[in-house]
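Step one of this worksheet: look at the structure below.
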Number of protein chains: 4
Amino acid sequence: MVEPTSGPVDRRRRRRKDARPQEIIAAGLAEFAERGFAATRLEDVATRAGIVKGTIYRYFGSKEALFEAALSSGMGPACETLQESVADNDGSTIDLLRSMIRQLYKLLFTPDVELLARIIISEGRRFPAVAELYHRLLVSRGRDILHRIVERGLARGELLPSPFCATPEVLVSPVIMALVWHMVFDGFAPIEPERFLEAHLDLLERALSRRDA
Amino acid sequence: MVEPTSGPVDRRRRRRKDARPQEIIAAGLAEFAERGFAATRLEDVATRAGIVKGTIYRYFGSKEALFEAALSSGMGPACETLQESVADNDGSTIDLLRSMIRQLYKLLFTPDVELLARIIISEGRRFPAVAELYHRLLVSRGRDILHRIVERGLARGELLPSPFCATPEVLVSPVIMALVWHMVFDGFAPIEPERFLEAHLDLLERALSRRDA
Amino acid sequence: MVEPTSGPVDRRRRRRKDARPQEIIAAGLAEFAERGFAATRLEDVATRAGIVKGTIYRYFGSKEALFEAALSSGMGPACETLQESVADNDGSTIDLLRSMIRQLYKLLFTPDVELLARIIISEGRRFPAVAELYHRLLVSRGRDILHRIVERGLARGELLPSPFCATPEVLVSPVIMALVWHMVFDGFAPIEPERFLEAHLDLLERALSRRDA
Amino acid sequence: MVEPTSGPVDRRRRRRKDARPQEIIAAGLAEFAERGFAATRLEDVATRAGIVKGTIYRYFGSKEALFEAALSSGMGPACETLQESVADNDGSTIDLLRSMIRQLYKLLFTPDVELLARIIISEGRRFPAVAELYHRLLVSRGRDILHRIVERGLARGELLPSPFCATPEVLVSPVIMALVWHMVFDGFAPIEPERFLEAHLDLLERALSRRDA
DNA sequence: CATGAATGAGTCTTCATTCAT
DNA sequence: GATGAATGAAGACTCATTCAT
């Protein structure tokens, strides 16, 4: 009944043993980003991962568990990237901000990270635990960095106190808009992130340059 | 509208007859915004509308049809609001922009419109037809207005040509960010739209004021 | 697509509307008795009830809910039968007991009741709530009746105090044994309840008759 | 049995090698008794036996095979116990019966045997082969012994012919009832086997003593 | 032999959709 | 038109069984 054809050993199986959970997570991430949590079928995740539905349950207790694992797993790397990005930079305030914004574009338009962001934006509200994690690990850190830069700028006299220094998030908002636009309208009205970045940096420059006057 | 006082007829039922589709749409909008398309159960929509599941099918051919109808229906009013908002204003460029931005905050944080925006952002990618409609009716119009304002500003010499004039969308991005933030993190890290607006306007002012120097 | 053949109306559907839950319960009882709770497939219950799996869920929230409903529902009638059986009998102690035992055989070998008993014996331990209900509604009542008869007999001097008067349950044990035997061995070593009854009554007579000596 | 002291071999493992099947059977017996055949998971059996699911298949071809093996294996010992119990006893009929009944209580309330009995009562009907085996090895032998005792009693004139001599099973029915009660209602309405035994013996005495009169 | 990863055939449960009343 | 019972097609999850190591 069984057909032991393949000569030596099924190489695929061996190689995969350890990678399995990661493969499932990657497949899940892709499917969740494409269809949303509710509309994603575990069957499709399995197929994409090259396995069978039941196998998912060896690693994840439920669809929801996979969802959360997938999201959590993606945050680590993104988090590190963020970390390094502005560490120990001694430039001027505007250089720091410019650098940070460039990093953000690079980060958020990285395929994996974009999947993550998409899912968070789409489903975050229905999965507060995940949204909270995302917020804690990424958003709130980024925010802290931003605040620190601005405060340093104020302290150095490179920035003048004004309402937008109290809410410097607005400085990064264009990249969020680009992301959302890309997520929703890209099929028929694509944007070029580069142009957005350029305009973004231009806006930044203008916003901070007043001091020069 | 006219109430023919035919004896024992259930007035409530009659009165509702016309309002039914709208009630169903409102209920649908609320549920879709809360749970997303796939996770919304028509049973819940019906209950919220005070009717029975089967009745929905008298007005809408399918769940998807209801979804599209609900979204389309919400766009009309929003569209008009937008229309009027900047028509025939003869002020300075910055006044026009300020006014437009204020309108945007008011509009996008109107409960009904916010539901709509939430749904579009969450599900737009999976319903290109709807996203396209939304884009055509609202986004692209808003964009046109914005572009016209900027061009007028350039023509009038109130603005100097520069990258961000070519992508003036960045000027409105903070409100989008506020919306997304509100949508995703509001449960545990709420924002105050007013502060955002303030910072937003501040940013605008700074970005455009260079010329003054 | 639909074939509205049958002239007037589908009579079956109308007639069934109210009877549905009862029909499902009856089907469930039969299947549960035959296969046990875990091995019973709702699909089979549905088929036996002439409906479709999904329909069960209009009436019962889960397999377990159906199980409990089925068992509870069967207890009412059995309970009443028991009630009447010994009410207001003024005969001698032995006549009362004889009558009670006859009733028990009749009751427990009634098809419906037997299903019930089988299920309780097989699954009771795993469904304490059900077992407890059964105990309260049927077993403990029967026991009370028995105890009252015996006490009356002692008071009247028809019985002499002795260990078995303190545990008169032994007086009915043969019918339980018959039931269990019938339940387990009937396929290859059937018993005749009548013979058991005869022997049972004989035993009873002998056990109580000593006093005459 | 013999322990070849081959150097560094893991003694535990070796020692177990022979005991394995028995350990699995014991674990299976416990699980089957607790949950019934269908609801028992081999995973749990394995865990209880301190091994892994797959290992079961080295000793038993299938869940059902394990079930049958477990039940068969339990019967041997019980069978022997029964055997000896009444062999070559030369006492009076009532002494023999008394002795037999005592043995029955002791036997059936022995943990291992009780598990067995529980399973047979619960699942016997669905596993005729097992029920038949149980019947042949234990029930029918016990019955034969009982019949022989009664016949001897009749021959000796210690008993008078009467219906219950033809169905002497009723004489042991209280212990069956005690067993079933214990099995089903013990959680909330426990019985004391000792009191049952006492009443049982009392009943026996009364039933047989008429002759003395 | 033992392990544990993998499989795939179920089974319960849900829900959009239909239809007789 | 409205109702609610019924349907049936999925989809999540479980678990006996197999198999490479």
Side-chain angles (χ1 to χ4, degrees), chain A residues 1-2 4 6 8-14 16-18 20 38-46 50-64 66, chain B residues 10 13-14 16-17 20 38-46 51-66, chain C residues 1-2 4 6 8-14 16-18 20 38-46 50-64 66, chain D residues 13-14 16-17 20 38-46 51-64 66:
Chain A
M1 296 241 156
V2 181
S6 59
V9 180
D10 186 347
R11 222 159 298 160
R12 238 169 320 154
R13 178 171 273 197
R14 184 155 10 147
R16 276 196 177 155
K17 215 157 91 170
D18 294 347
R20 269 292 144 79
T40 290
R41 304 181 320 149
L42 250 18
E43 174 106 43
D44 291 341
V45 174
I51 56 172
V52 156
K53 212 179 1 170
T55 304
I56 295 177
Y57 287 87
R58 184 154 296 283
Y59 301 97
F60 306 95
S62 67
K63 189 184 180 182
E64 197 158 336
L66 169 59
Chain B
D10 184 347
R13 177 173 273 194
R14 175 117 36 80
R16 268 198 180 162
K17 226 156 72 172
R20 271 288 152 81
T40 290
R41 306 182 317 151
L42 288 190
E43 177 98 45
D44 291 342
V45 174
I51 56 171
V52 159
K53 204 173 21 162
T55 305
I56 294 178
Y57 284 85
R58 204 145 286 286
Y59 299 98
F60 306 95
S62 69
K63 189 184 181 183
E64 196 158 336
L66 168 61
Chain C
M1 297 239 154
V2 182
S6 58
V9 180
D10 187 346
R11 223 159 296 161
R12 239 169 319 155
R13 179 170 269 197
R14 186 159 5 150
R16 274 195 177 155
K17 215 157 93 170
D18 294 346
R20 268 294 142 79
T40 290
R41 304 182 320 149
L42 248 18
E43 174 106 42
D44 292 340
V45 175
I51 56 175
V52 157
K53 214 177 359 170
T55 303
I56 295 177
Y57 286 85
R58 184 154 296 283
Y59 301 97
F60 306 95
S62 68
K63 189 184 180 183
E64 197 158 336
L66 169 60
Chain D
R13 178 171 271 194
R14 175 114 38 79
R16 266 199 180 162
K17 227 159 66 174
R20 271 288 152 79
T40 289
R41 304 182 319 151
L42 287 190
E43 178 100 44
D44 292 340
V45 174
I51 56 171
V52 159
K53 203 169 27 160
T55 306
I56 293 178
Y57 284 84
R58 204 143 287 286
Y59 300 97
F60 306 94
S62 69
K63 189 184 182 184
E64 196 158 336
L66 168 59

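In what follows, chains carry the letters A, B, and so on, assigned in the order in which the sequence lines appear, proteins first and then strands, with residues in each chain numbered from 1.
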First encountered from the 5' end of DNA chain F, between D:Lys63 and A:Glu64: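 The residue closer to the strand's 5' end, by nearest nucleotide, is A:Glu64.
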Residue whose closest nucleotide on DNA chain F lies nearer the 5' end, A:Arg41 versus A:Gly61: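 This one resolves to A:Arg41.
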Separation of atom [atom1] in [X] from atom [atom2] in [N], rounded to whole Å:
X: D:Phe60; N: E:dC1; atom1: CZ; atom2: P; value: 14 Å
X: D:Leu42; N: E:dA6; atom1: CG; atom2: P; value: 20 Å
X: B:Ile56; N: F:dG4; atom1: CD1; atom2: P; value: 14 Å
X: D:Ile51; N: E:dC1; atom1: CD1; atom2: P; value: 14 Å

Which atom names give the shortest non-hydrogen contact between C:Leu42 and C:Ile56, and what distance separates them?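 Distance-wise, the nearest heavy atoms are O-CD1, 3.6 Å.
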Grab the two heavy atoms, one from D:Ala38 and one from D:Lys63, that are nearest each other, plus how far apart they are.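 So the minimum-distance heavy-atom pair works out to O-NZ, 3.3 Å.
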Using Watson-Crick or G-U wobble geometry with both distances under 3.5 Å, which nucleotide pairs with F:dA20?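 Here F:dA20 is engaged in a pair, and the nucleotide opposite it is E:dT3.
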Return the nucleotide paired to E:dC12: Watson-Crick means purine N1 to pyrimidine N3 with N6-O4 or O6-N4, wobble means G-U with N1-O2 and O6-N3, both under 3.5 Å.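 Paired with E:dC12, as far as the under-3.5 Å criterion goes, is F:dG11.
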Where each residue is assigned the nucleotide of DNA chain E containing its nearest heavy atom, which of C:Glu43 and D:Gly54 is assigned the position nearer the 5′ end?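 The residue mapped nearer the 5' terminus is D:Gly54.
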Which value, rounded to the nearest 0.5 Å, describes the distance between A:Lys53 atom NZ and A:Thr55 atom OG1?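 The NZ atom of A:Lys53 sits 11.0 Å away from the OG1 atom of A:Thr55.
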Criterion side-chain contact (heavy atoms from CB on, under 4.5 Å) on C:Glu43 and C:Val52, from CA distance to verdict: CA-CA 7 Å; C:Glu43 174 106 42; C:Val52 157; over 6 Å; no
Within the structure shown, what part of the strands sits under 4.0 Å from A:Arg58 by heavy-atom distance: base, sugar-phosphate, or nothing?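 Counting heavy atoms under 4.0 Å across all strands, the contact made by A:Arg58 includes a base.
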Is any N or O donor-acceptor pair between the side chain of B:Lys53 and the base of F:dT3 shorter than 3.5 Å?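 Under the 3.5 Å cut-off, the side chain and the base do not form any donor-acceptor pair.
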Check this one for me: any side-chain N or O of D:Tyr57 less than 4.0 Å away from OP1 or OP2 of E:dA2?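 So the side-chain polar atoms of D:Tyr57 never come under 4.0 Å of the phosphate oxygens OP1 or OP2 of E:dA2.
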Does E:dC1 have OP1 or OP2 sitting under 4.0 Å from an N or O in the side chain of D:Arg20?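 For D:Arg20, the contact criterion (side-chain N or O under 4.0 Å from OP1 or OP2 of E:dC1) is not met.
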D:Tyr59 side chain: which of E:dC1, F:dA2, F:dA6 is closest?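 So the nucleotide nearest the side chain must be E:dC1.
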Audit row: C:Ile51, C:Arg20, side-chain contact (heavy atoms from CB on, under 4.5 Å) steps and yes/no: CA-CA 9 Å; C:Ile51 56 175; C:Arg20 268 294 142 79; 3.4 Å; yes
